[in-house]
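Working notes, beginning with the structure itself.
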Amino acid sequence: MTLLRNPKCYTDVCIDGKWYHYDHCGTQVYMLKGGAEAFFELDSEPVTENELIEQIKQFG
């Protein structure tokens with residue numbers, strides 16, 4: 001699925017039981033950990049949800 005190029009949009013994905021939040025039009029992702037946020041910097045702005053997931057998997 002293509003990600004919308006709108007900074008008001010976001011995507012949450014679950015990978016191996018961990019939830020990640022991505023605000024569109026950027027390169028930061030953070031893991032949802034019950035108040036303790038873990039930020040990650042993506043290599044580039046993802047265009048699709050699959051690309052986002054593949055970039056997140058590199059951290060884990």
Side-chain angles (χ1 to χ4, degrees):
M1 174 176 73
T2 301
L3 300 176
L4 297 176
R5 302 247 336 121
N6 183 336
K8 293 182 181 180
C9 294
Y10 67 90
T11 299
D12 290 337
V13 294
C14 183
I15 301 171
D16 298 328
K18 297 176 184 173
W19 282 95
Y20 297 86
H21 177 89
Y22 169 69
D23 291 315
H24 293 198
C25 300
T27 56
Q28 285 194 338
V29 170
Y30 64 89
M31 188 182 338
L32 303 173
K33 296 174 55 176
E37 298 175 352
F39 282 90
F40 303 98
E41 191 71 34
L42 301 174
D43 293 334
S44 62
E45 185 178 334
V47 176
T48 65
E49 188 172 310
N50 287 338
E51 186 180 334
L52 172 63
I53 291 169
E54 289 304 314
Q55 287 193 48
I56 291 172
K57 284 182 176 180
Q58 293 177 3
F59 299 116

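Residue numbers run from 1 in the order of the sequence given. Keep in mind that the numbers below use all heavy atoms, side chains included, and drop hydrogens, waters and symmetry copies.
For the pair F40 and I56, the minimum side-chain heavy-atom distance is 4.5 Å or more.
Checked against Q55 for a side chain to side chain contact (heavy atoms under 4.5 Å, CB included), the options D43, T27, V29 give a single hit: D43.
Closest approach of Y22 and L42 over heavy atoms only: CE1-CD1, 4.0 Å. Annotation for G26 and P46: closest pair O-CD, 4.1 Å, computed over non-hydrogen atoms.
For T48, there are no side-chain hydrogen bond (donor to acceptor under 3.5 Å, both in side chains) partners at least two apart in sequence or on another chain. With sequence neighbours left out, the side chain to side chain contact (heavy atoms under 4.5 Å, CB included) criterion links D23 to Y10, H21.
Residue V47 is not grouped with residue M1 when hydrophobic side chains (ILVMFWY) are merged at heavy-atom distances under 4.5 angstrom, including chains of intermediate members.
Under the salt bridge (Lys or Arg N to Asp or Glu O under 4.0 Å) criterion, the residue pairs touching residues 44-53 are R5-E45, with sequence neighbours excluded.
Here the straight-line distance linking atom NE2 of H24 with atom CG of L3 works out to 4.5 Å at 0.5 Å rounding. Expressed to the nearest 0.5 Å, how far NZ of K33 lies from OH of Y20 amounts to 9.0 Å.
With a 6.0 Å radius and a threshold of 12 heavy atoms from other residues, nucleotides or ligands, D12 has its CG atom above the threshold.
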